[in-house]
Novice: 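Take this structure first; my questions come after.
Indexing begins at 1, ligand by ligand and atom by atom, following the structure's order.
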Amino acid sequence: MPTIALAGNPNCGKTTLFNALTGSNQFTGNWPGVTVEKKEGRLLGNRGTVLLDLPGVYSLSPFSPEERITREALLRQRPDAILNLVDGSNLERNLYLTTQLLELQIPVLVAVNFLDVVLARGDVLDLHALAKELGCPVVAVSALKGDRVAALAAALPGLASQPAAVPWCRFPAPAEAALNAIEASLPASIQLRRFYAIKIFEGDPLLLKEVPDKAQKPAAEGDSIIAGGRYDQIGRLCAQCVRYGRRKLPGAWLDSVLLNRWLALPLFALLMFLVYYISVSTLGAWLSEAIGEGVFGGGISAFGYYIPGIPGLLEGLLLRWHVSAWMQSILLEGLLGGVGTLLGFVPQMVLLFFCLAFLEGCGYLSRIAFVLDRLFRRFGLSGRSFLPMLLATGCGVPGILAARTIENERERRLSIITCTFLPCSAKLPLIALIAGALFGGAWWIAPSAYLCGLTAILLSAALLGRLKIFPGGEAPFVLELPPYRLPSPANLLRSVRERTASFLKKAGTVILLSALLVWFLSNVKWEDGGLHAARGLSEGLLAALGRWVAPLFAPLGFGNWQAAVATFTGWIAKENVVSTLGILYGFGGGDGAPRQHLGSAFTPLAGYSFLLFNLLCSPCVAAVSAIQREMGSRRWTLLALAWQTGFAYLAALAVYQAGRALGG
Ligand code: GDP
Ligand code: MG
């Protein structure tokens with residue numbers, strides 16, 4: 001089965017094209033470094049052809065792990081052909097990789113992407129001349145708009161049987177002579193002779209292992225001779241084939257405001273505040289209230305009619321059908337109180353997903369890495385750590401994985417330990433619950449959760465970074481700024497839909513099972529060496545267990561057994577905190593008023609302390625196992641967990657005690 005590798009610079013639209021060509025739904029982002037693992041898909045309309053989506057690279061001299069993945073895939077796996085996607089609005093830089101791909105002796109097809117942008121700018125590309133010069137077919141597409149993608153798809157199955165590309169770059173005479181000499185001294189087993197000769201000339205450390213010593217003749221400044229030679233020829237090629245239009249891209253002026261030295265940070269704070277204000281505090285809260293109250297609560301009355309909510313309906317049905325009392329209890333208290341409570345928060349989640357996807361898609365969030373770089377450096381991090389944090393606001397696991405893109409070991413470990421301090425979407429229902437039930441929907445609770453997370457990150461980095469075990473050193477931070485783009489509705493919807501779907505899936509599996517377990521364990525008691533039905537929740541097994549640990553949390557203000565149990569179930573999945581509270585405080589009852597139930601157990605101050613502890617303490621098991629995988633050591637994992645939980649404890653303690661001293 002022919003395999004075609006999709007290779008190109010970061011952020012040139014590979015994943016968008018991959019999705020269009022294979023009909024799959026990989027995550028795209030207006031951000032370099034989104035794809036860190038290779039993905040495989042079958043071509044739509046020709047299932048016999050396999051397409052490989054590779055992480056984006058600027059060259060075949062790999063510096064970071066995901067660049068290594070791409071090079072390994074191209075060199076070792078030897079795809080049958082390469083589809084080289086280049087960003088047409090950035091042709092000179094993108095062709096640098098192309099010149100290297102042409103040296104791999106595999107058929108190459110160059111697809112110039114961003115045709116829509118090229119046209120909007122009024123640039124003119126001479127594709128025929130480009131193809132003739134490079135010696136390989138060249139087409140133009142717009143992966144996003146779908147322009148000419150069908151024609152490209154039709155050309156792909158036959159690509160593998162096309163003649164292999166030939167090296168295009170010629171270097172100055174002395175360098176060519178040296179390259180020829182190296183080529184002649186290579187053992188016969190090496191096939192990519194020109195490619196290897198150049199790599200040896202450059203002194204590329206990763207490939208030197210594979211060639212015998214006598215063939216190794218790295219030249220002084222070999223790498224800059226080669227790079228300079230490539231850029232010279234690309235420059236000449238572009239002068240011949242590209243005519244740049246004068247039109248400026250819309251949004252180019254935005255950077256002068258959004259990246260302004262003084263305005264950038266306040267604007268970022270304002271935007272993040274708005275995101276949480278809209279999605280959690282105001283619009284989201286109204287929607288959730290309507291749904292939480294109307295569907296999962298007491299129902300709605302409109303135009304003189306009364307429509308009961310699910311609890312009321314269910315209760316009525318259960319009574320009519322004479323369903324046994326314990327079955328009623330499972331359905332009403334376990335299922336509705338647990339999972340139902342959680343589902344009431346879906347509107348807020350959807351809104352948050354939408355806002356974040358929008359900011360991401362239009363190219364703003366990646367700029368924040370630059371804005372925060374200066375601030376982060378004072379705390380021993382850099383703008384690079386922002387990508388893991390950004391992803392962690394969705395879910396900690398991809399956030400932790402994204403830390404791989406950080407070359408600096410110290411920063412990588414710090415990012416893994418701290419990125420889950422930012423509230424992930426699973427913690428959102430808890431934030432919304434506390435804000436709604438204990439603070440009358442106060443606008444500042446949700447943004448403050450984000451701010452607390454950010455503060456925790458900076459403090460931790462500053463404190464932890466002093467430990468000797470963290471290697472020192474700073475790495476320069478270079479990141480390409482993507483252009484501002486209006487995010488496409490399709491991409492926005494895809495992002496929101498996938499995140500929502502994965503939440504719903506979790507609600508129907510892990511959280512449902514946890515809720516049933518919590519219901520069961522809180523309704524039985526241990527007596528005379530056996531399990532018996534408990535007469536009330538406070539007599540149950542969970543209550544006993546919770547009471548045993550609760551004193552630990554008493555100094556933080558929430559020393560009740562329900563809070564202790566909820567915190568522990570949160571370790572399985574953070575959504576469980578809310579569903580467990582729902583079961584233990586009986587939110588599932590027909591009156592649907594978490595406010596009263598929670599308000600009698602927590603003072604607002606204690607509630608905030610509880611929120612803070614659960615936001616900052618050790619993340620869920622899935623994230624912990626990601627930490628273990630990325631750290632590759634149990635000791636580092638334990639350090640991370642101990643730090644996170646210890647930090648959470650002290651933070652909650654400080655807030656609660658200070659709050660009490662100030663009069664609650
Ligand atoms: P990758 O890093 O190469 O996988 O790039 P992605 O597929 O994640 O795309 C990067 C960004 O470019 C996303 O915001 C896409 O919506 C956008 N994009 C991709 N192709 C096009 C295109 O042809 N035109 C425009 N205007 N935007 C595009
Ligand atoms: Mg990608």
Novice: Of all residues at least two apart in sequence or in a different chain, which pass the ring-ring contact (aromatic ring centres under 6.0 Å, His included) check with Tyr276?
Specialist: Tyr450
Novice: Would you mind reporting whether Val110 and Cys136 have side-chain heavy atoms less than 4.5 Å apart?
Specialist: yes
Novice: Does a side-chain N-to-carboxylate-O contact under 4.0 Å join Asp123 and Arg243?
Specialist: no
Novice: Salt bridge between Arg404 and Glu630, side-chain N to carboxylate O under 4.0 Å?
Specialist: yes
Novice: Please report whether ligand 1 has a polar contact with Arg485, defined as an N or O pair separated by less than 3.5 Å (distance criterion only).
Specialist: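 So ligand 1 has an N or O lying under 3.5 Å from an N or O of Arg485.
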Novice: Test: ring pair (Phe, Tyr, Trp, His ring centres under 6.0 Å). Region: residues 81-127. Which pairs qualify, not counting sequence neighbours?
Specialist: Tyr96-Tyr231
Novice: Should you measure from each heavy atom of Thr15, which atoms of ligand 1 turn up under 4.0 Å away?
Specialist: 1 (P), 4 (O), 7 (O)
Novice: Taking atom types as modelled, find out whether Ser61 and Lys199 have a side-chain donor-acceptor pair closer than 3.5 angstrom.
Specialist: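 Judged by distance alone, the side chains do pair up.
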Novice: Can you sort out which atoms of ligand 1 are near Leu144, meaning under 4.0 Å from one of its heavy atoms?
Specialist: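 This gives 16 (O), 20 (N), 21 (C), 22 (C), 23 (O), 24 (N), 25 (C), 26 (N), 27 (N), 28 (C) as the contact atoms.
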Novice: Going by the atom numbers of ligand 1, which of them fall below 4.0 Å from some non-hydrogen atom of Asn491?
Specialist: 16 (O)
Novice: Would Cys12 count as a contact residue for ligand 1, given that I'm defining contact as a non-hydrogen atom of the residue lying under 4.0 Å from a ligand atom?
Specialist: yes
Novice: Between Val117 and ligand 1, does any nitrogen or oxygen pair lie at a separation below 3.5 Å?
Specialist: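 Checking ligand 1 against Val117, no N or O pair falls under 3.5 Å apart.
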Novice: Of the backbone atoms (N, CA, C, O) and the side-chain heavy atoms from C-beta on, which set of Leu85 has a member under 4.0 Å from an atom of ligand 1: side chain, backbone, both, or neither?
Specialist: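 For Leu85, no heavy atom sits under 4.0 Å from ligand 1.
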Novice: Can you check side chain to side chain contact (heavy atoms under 4.5 Å, CB included) on Phe353 and Ser495, steps first, answer last?
Specialist: CA-CA 8 Å; Phe353 294 157; Ser495 169; 5.9 Å; no
Novice: List ligand 1 atoms under 4.0 Å from Ser142, heavy atoms only on the residue side.
Specialist: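 By the 4.0 Å cutoff, the relevant atoms are 22 (C), 23 (O), 24 (N).
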Novice: Please determine, by modelled atom types, if Asp116 and Ser142 share a side-chain donor-acceptor pair under 3.5 angstrom.
Specialist: yes
Novice: Heavy atoms only, cut-off 4.0 Å: how does Asn11 contact ligand 1, side chain, backbone, both, or neither?
Specialist: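 Looking at Asn11 and ligand 1, atoms from backbone and side chain both fall under 4.0 Å.
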Novice: Side chain, backbone, both or neither: which part of Asn113 has a heavy atom under 4.0 Å from ligand 1?
Specialist: side chain
Novice: Say whether Ala143, considering both its backbone and side-chain N or O atoms, lies within less than 3.5 Å of an N or O atom on ligand 1.
Specialist: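 Min N/O separation from ligand 1 is below 3.5 Å for Ala143.
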Novice: Regarding ligand 1, does Gly13 bring an N or O atom to under 3.5 Å of one of the ligand's N or O atoms?
Specialist: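 Yes.
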